[in-house]
Number of protein chains: 2
Amino acid sequence: MSRFFIEIKYDGTNYHGWQIQDNASSVQAELNKALSTILQEKIDVVGAGRTDAGVHAQQLFAHFDITSEFDIEKTIFKLNKFLPDDISCTSITKVNDESHARFAATARTYEYWITPTKNPFLVNKAYHLPYSLNLDLMNEATQHLLKYTDFSCFSKSNTDTFTNDCDITFAQWEQKNNCIVFTITANRFLRNMVRAIVGTLLEIGQKKLTIEELITIFKSKNRSNAGTSAPAHGLYLAEVKYPFKIMNAE
Amino acid sequence: MSRFFIEIKYDGTNYHGWQIQDNASSVQAELNKALSTILQEKIDVVGAGRTDAGVHAQQLFAHFDITSEFDIEKTIFKLNKFLPDDISCTSITKVNDESHARFAATARTYEYWITPTKNPFLVNKAYHLPYSLNLDLMNEATQHLLKYTDFSCFSKSNTDTFTNDCDITFAQWEQKNNCIVFTITANRFLRNMVRAIVGTLLEIGQKKLTIEELITIFKSKNRSNAGTSAPAHGLYLAEVKYPFKIMNAE
């Protein structure tokens, strides 16, 4: 048996998220189907993390085990023919048998894209928010995120995680291609966390919430005190890092 | 009666082109419906040109006449609420009563986008062509376009134009954001011309056609000698120029 990492990208618009579900389309199910058909062996991929319905991935790794041998380049070529247009495979790399796509990941980066003007080319790809935002204030508030580790206030309450501690190493708002983009890196994220953070920081940018109130929300550790979640379609899983090298086809 | 120019953008994927047709969706019909409803007067827009089914526009101007007065900023705001997500209005400008969106235009620029790698975020937005292209050779061939004026060899034969002369002032291939982009500017274009030029130049880039053969095609003035048309979904009307100033809201 050998273990491989597969690197993919997807537009999440047409999926009920990464994870396999009954009676709903998922990226994981598409990937299992494509790999099993092409490699002629039942393949079950394990992803680096879940993305919710409508959330996109510029880079997501998953691992799978296989007994037979196969040609990597030919398999990538066939996968990109077989997979739907909105899912692509960037690379496949042989890894150590114990390398786990989820547990071995040391850092994950998300991006959240906002378009202030209506843009026909960003339908389902960025959140259209036609209000002026104070980016300086949002960046000032963002720096407070780096001071905390318990993100209970930004997590769905009924999650099965044993801890709500996250180590955020980078978080910033910037202007990019006529959009406003939030980038955040952490060792791990809780369910719904990025969208809840973005929703809350957008309230600060619109002066509906003060930085003092944000600090109070943090201290409360209660999700119901934070702002509403920003919509799924602006969110991208942008990068997943591992402590070992993974060949990137691009 | 006053005349106005309206500036729009659209993703052409869901339309059978710009022009109104029976039993088929069109950008022109959507615009007429939105303007007539909001301005409470029957409005018929005249566009700067037609785009085929699936072709996009980053900038297209149309003119319309109206007897009543209206608030421009409020109308743009309402239009962007009323129009489908894949059509947006950028500006509305009062112009001279004789200014004609099609006949007054002095230059039009098109872009053609090609993605060499499968990209889930460019489905219907760029042509996926997974072959290596010799860009230098394509740019060399492109320079020959500037030497000719009769583009009969790159036009659909049954068009109602009185002349096939076009004055191409700029044409170039370049790498942009992991894509290969062809930009071409002329005073006017014949039907299907850009897609036929792109299809032919792509054959040169893949060494299926030589520059000498391209010159022979030009001299033949016969469409059937040129390459096949590149698909519609890679094509964008990018800019339309007029000899008078039009306020751009962006």
Side-chain angles (χ1 to χ4, degrees), chain A residues 7-15 27 30-31 34 51 55-60 73 76-91 111 113 115-131 176-179 231 233-238 248-250, chain B residues 7-15 27 30-31 34 51 55-60 73 76-91 111 113 115-131 176-179 231 233-238 248-250:
Chain A
E7 178 186 3
I8 62 163
K9 283 183 208 272
Y10 54 86
D11 179 322
T13 307
N14 298 322
Y15 300 96
V27 178
E30 292 291 343
L31 203 54
T51 55
V55 173
H56 316 293
Q58 286 155 0
Q59 181 181 60
L60 181 141
E73 287 313 312
I76 293 173
F77 180 83
K78 286 182 191 171
L79 271 173
N80 282 327
K81 292 271 179 197
F82 191 101
L83 286 166
D85 287 345
D86 49 14
I87 305 176
S88 72
C89 169
T90 314
S91 70
E111 287 179 2
W113 286 71
T115 174
T117 53
K118 183 179 178 184
N119 187 331
F121 303 108
L122 294 177
V123 176
N124 290 325
K125 291 180 173 57
Y127 173 35
H128 176 215
L129 187 71
Y131 304 112
K176 214 190 261 187
N177 304 335
N178 297 322
C179 286
H233 65 273
L235 186 61
Y236 292 76
L237 175 57
N248 187 322
E250 284 195 313
Chain B
E7 178 187 2
I8 62 164
K9 281 184 209 270
Y10 54 86
D11 179 322
T13 307
N14 298 322
Y15 300 96
V27 179
E30 292 290 344
L31 204 53
T51 55
V55 173
H56 316 293
Q58 285 154 1
Q59 181 182 60
L60 180 141
E73 288 311 312
I76 294 173
F77 180 83
K78 285 182 193 171
L79 272 172
N80 281 327
K81 291 272 179 197
F82 192 100
L83 285 166
D85 287 345
D86 48 14
I87 305 175
S88 72
C89 169
T90 314
S91 70
E111 287 179 0
W113 286 70
T115 174
T117 53
K118 182 179 178 185
N119 187 331
F121 303 109
L122 294 177
V123 176
N124 291 324
K125 292 181 172 60
Y127 174 34
H128 176 215
L129 187 71
Y131 304 112
K176 213 189 259 184
N177 304 337
N178 297 322
C179 286
H233 66 272
L235 186 61
Y236 292 74
L237 176 57
N248 186 322
E250 282 197 311

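The basis for the numbers below is simple: all heavy atoms, side chains too, and nothing from hydrogens, waters or symmetry mates. Below, chain A is the first sequence line, B the second, and so on; all start at residue 1. Because the structure is a prediction, the values reported are computed rather than measured.
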Residue part contacting chain B, namely of A:Leu122, when any heavy atom lies under 4.5 Å
neither
Apply side chain to side chain contact (heavy atoms under 4.5 Å, CB included) to B:Lys78 and list each qualifying residue two or more places apart in sequence or on a separate chain.
B:Ile38
So, the part of A:Pro130 with a heavy atom under 4.5 Å from chain B: the answer is neither
Can you label the angle between the B:His56 ring and the A:Phe121 ring as parallel, tilted or perpendicular, going by 30° and 60°?
perpendicular
What residues, two or more places apart in sequence or in another chain, satisfy side-chain hydrogen bond (donor to acceptor under 3.5 Å, both in side chains) together with B:Ser88?
none
Engaged part of A:Tyr10 at the chain B interface, taking heavy atoms whose separation is under 4.5 Å:
backbone
Check the surroundings of atom CZ in A:Phe77: do more than 12 heavy atoms from other residues, nucleotides or ligands lie under 6.0 Å from it?
no
